[in-house]
Colleague: 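Okay, handing you the structure first.
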Number of protein chains: 2
Amino acid sequence: MTTAASAPAKPSFKEQMLQAREEAIVQTANRLLAEKGFESMTVDEVAASVGIAKASLYKHFPSKEDLAAAAMVRLMQRTQDVLASVQVDQKPIDKLRAVARWSMEAQLAGEMPSLPHQNSSLRAALMNNRGYLDRLVAISDTLGGWIQAAQADGTLNPKLPAIAVLYTLFARACDPVLGFLKSSGLQSDAEIVDLVLGTCFDGLASR
Amino acid sequence: MTTAASAPAKPSFKEQMLQAREEAIVQTANRLLAEKGFESMTVDEVAASVGIAKASLYKHFPSKEDLAAAAMVRLMQRTQDVLASVQVDQKPIDKLRAVARWSMEAQLAGEMPSLPHQNSSLRAALMNNRGYLDRLVAISDTLGGWIQAAQADGTLNPKLPAIAVLYTLFARACDPVLGFLKSSGLQSDAEIVDLVLGTCFDGLASR
DNA sequence: GTCTATAAATTGATAGAC
DNA sequence: GTCTATCAATTTATAGAC
């Protein structure tokens, strides 16, 4: 704040560099979280993958939990962006399908961290992270509205509690079936997504 | 082998005690694996929960991976027992439903370890464990037969690759949706199982 | 086989120079 | 802010007495 007073509109070159480095760190953390989970991911590994020293990383994030939480917040932001970009004129169930499809594509691309275990230290950190919780609530509200609308127009099973549908969509974003099928090598990524998306909405049984 | 020659039919009292202790260790490991996953489970914790010293545990199992693998083998055995006890006169799809139901009830009871991550040291140990692999193949064969029969009689969607159905059933055994719904406290265990089993076979969309 | 005590390795986090 | 070097705590695994 030593130069112009109207700082927030135009970040300095140094600030841009700082933010770009943080984005690189968080992106790497996100990838490793998706690849091996929070417990198996080491801070040394993140730092080495980014190409900086571990102590430098700790100047940006005070703990491993905070680093992982930043990656999860970034994921929530991206999810909100996806929700905002969904075609408004679609049927509600197709909006839900579109979001589920995106999440599955993201998982196949190695960008979808799996859900933290119930008593993980990461989960505790997330439950104390306002930025994460607010975004999670906002996402749940948007999806909840679509779910209710889809049940009202009869396309989504009205007998299911809306919260069960919501949780199912979250869970399918990290469905291990996608990785299993990919490693079997029998289908293309697009076919895998279609398969899992189909079984999610239409079930295993014949229609 | 110092007493009678026909040893295998009648284990001595000491051998029974030994096997009972090992069963207690493996059962505890199974519970902790389900509760916190392989990485977060510590050998100290298993030993303390069983009520023995850690060094004693290492007399039974040479490593943490071997201990966890023993728990997974035990799970495969229990699964084979369930497969063998399924009513033979049921329709194939109802056999599949029965197995899926059992796995979900086991998960709600805290007895179902989640699948190890792709590059986990546990996964590597399992892939080198003949007892585990053989049972996994046998289970897959049995389920695969039922899947093909259910597709042949038209009750299971014939357009789905059988391997996709098989992987889906494995994945639903550790579906995090069950735990989410349980912690929400809105449904009973039986209702949760019915819900998730229903969405698995019938999908989220209306029929 | 079970125990206490300890080794050996990993890893989250920090000190301090530049 | 970034680095090298190191600390401190955890955790897997083992030594050795009984």
Side-chain angles (χ1 to χ4, degrees), chain A residues 1-2 11-26 28-29 32-33 35-72 116-117 119-126 128, chain B residues 1-2 11-26 28-29 32-33 35-71 116-117 119-126:
Chain A
M1 290 298 186
T2 56
S12 73
F13 181 72
K14 267 194 177 177
E15 281 165 342
Q16 286 185 36
M17 289 297 294
L18 179 76
Q19 205 154 1
R21 172 136 344 174
E22 285 204 354
E23 166 63 17
I25 296 172
V26 174
T28 299
L32 289 173
L33 280 176
E35 193 176 311
K36 31 206 323 189
F38 176 72
E39 284 78 15
S40 296
M41 177 188 82
T42 69
V43 180
D44 294 77
E45 204 175 5
V46 178
S49 182
V50 175
I52 62 175
K54 180 164 56 170
S56 305
L57 192 155
Y58 272 100
K59 298 283 182 179
H60 292 271
F61 302 95
S63 74
K64 183 186 177 185
E65 281 77 13
D66 285 288
L67 169 59
M72 295 302 289
H117 241 278
N119 61 357
S120 161
S121 63
L122 173 57
R123 184 175 172 84
L126 290 175
N128 282 324
Chain B
M1 289 298 188
T2 57
S12 73
F13 180 73
K14 266 194 177 178
E15 282 166 341
Q16 287 186 37
M17 290 297 294
L18 179 76
Q19 205 155 2
R21 172 133 348 173
E22 285 204 354
E23 166 63 17
I25 296 171
V26 174
T28 300
L32 289 172
L33 280 176
E35 194 175 310
K36 26 200 338 184
F38 177 73
E39 283 80 14
S40 296
M41 176 188 83
T42 69
V43 180
D44 294 78
E45 203 174 8
V46 177
S49 182
V50 175
I52 63 174
K54 180 165 56 173
S56 305
L57 192 154
Y58 272 100
K59 297 284 182 179
H60 293 270
F61 303 94
S63 74
K64 182 184 176 184
E65 281 76 14
D66 284 288
L67 170 59
H117 241 278
N119 61 355
S120 162
S121 63
L122 173 57
R123 183 176 172 84
L126 290 175

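First the proteins, then the strands, lettered A, B, ... as listed; each starts at 1.
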Colleague: Give the minimum heavy-atom separation between A:Glu39 and A:Lys64, together with the two atoms involved.
Modeller: O-NZ, 3.7 Å
Colleague: Starting from P on C:dA8, measure out to OH on B:Tyr58 and report it in whole angstrom.
Modeller: 16 Å
Colleague: In whole angstrom, give the distance that lies between atom NZ of A:Lys54 and atom P of D:dT6.
Modeller: 14 Å
Colleague: Which nucleotide, D:dA13, C:dC3, C:dA13, lies nearest any side-chain atom of B:Ala53?
Modeller: C:dC3
Colleague: Does A:Thr28 reach the main-chain N or O of A:Ala24 with its side chain, forming a donor-acceptor pair under 3.5 Å?
Modeller: yes
Colleague: To the nearest angstrom, how far is A:Leu57 atom CG from C:dA13 atom P?
Modeller: 11 Å
Colleague: What is the distance, to the nearest angstrom, from the NZ atom on B:Lys36 to the P atom on D:dT10?
Modeller: 13 Å
Colleague: For the pair made of NE2 in A:His60 and C1' in D:dG1, what is the distance, rounded to whole Å?
Modeller: 7 Å
Colleague: Using a 4.0 Å heavy-atom cut-off across all strands, classify B:Lys64 as base, sugar-phosphate, or nothing.
Modeller: sugar-phosphate
Colleague: Tell me the interatomic distance from A:Glu45, atom CD, to C:dT10, atom P, rounded to whole angstroms.
Modeller: 13 Å
Colleague: Which part of the nucleic acid does B:Met41 contact within heavy-atom distance under 4.0 Å: base, sugar-phosphate only, or nothing?
Modeller: sugar-phosphate
Colleague: Roughly how many Å is it from CG in B:Asp44 to P in D:dA13, rounded to a whole number?
Modeller: 11 Å
Colleague: Which atoms form the tightest heavy-atom contact between B:Asn119 and A:Glu35, and what is the distance?
Modeller: OD1-O, 3.8 Å
Colleague: What's the CD-P distance between B:Gln19 and C:dG1, to the nearest Å?
Modeller: 12 Å
Colleague: Think B:Ser56 has a side-chain N or O under 4.0 angstrom from the OP1 or OP2 of C:dG1?
Modeller: no
Colleague: Considering only D:dA13, C:dT2, D:dT4, which nucleotide approaches the side chain of A:Ala55 most closely?
Modeller: D:dT4
Colleague: Looking for any heavy atom pair under 4.0 Å, which part of the strands does A:Thr42 touch: base, sugar-phosphate only, or nothing?
Modeller: sugar-phosphate
Colleague: Report, as yes or no, whether the 6.0 Å neighbourhood of atom CD on A:Gln19 holds more than 12 heavy atoms from other residues, nucleotides or ligands.
Modeller: no
Colleague: C:dA13, D:dG16, D:dT12: which one has an atom nearest the side-chain heavy atoms of B:Lys59?
Modeller: D:dG16
Colleague: Taking all atoms of both residues into account, what is the closest heavy-atom pair of B:Ser63 and B:Tyr58, and its distance?
Modeller: CA-CE2, 4.0 Å
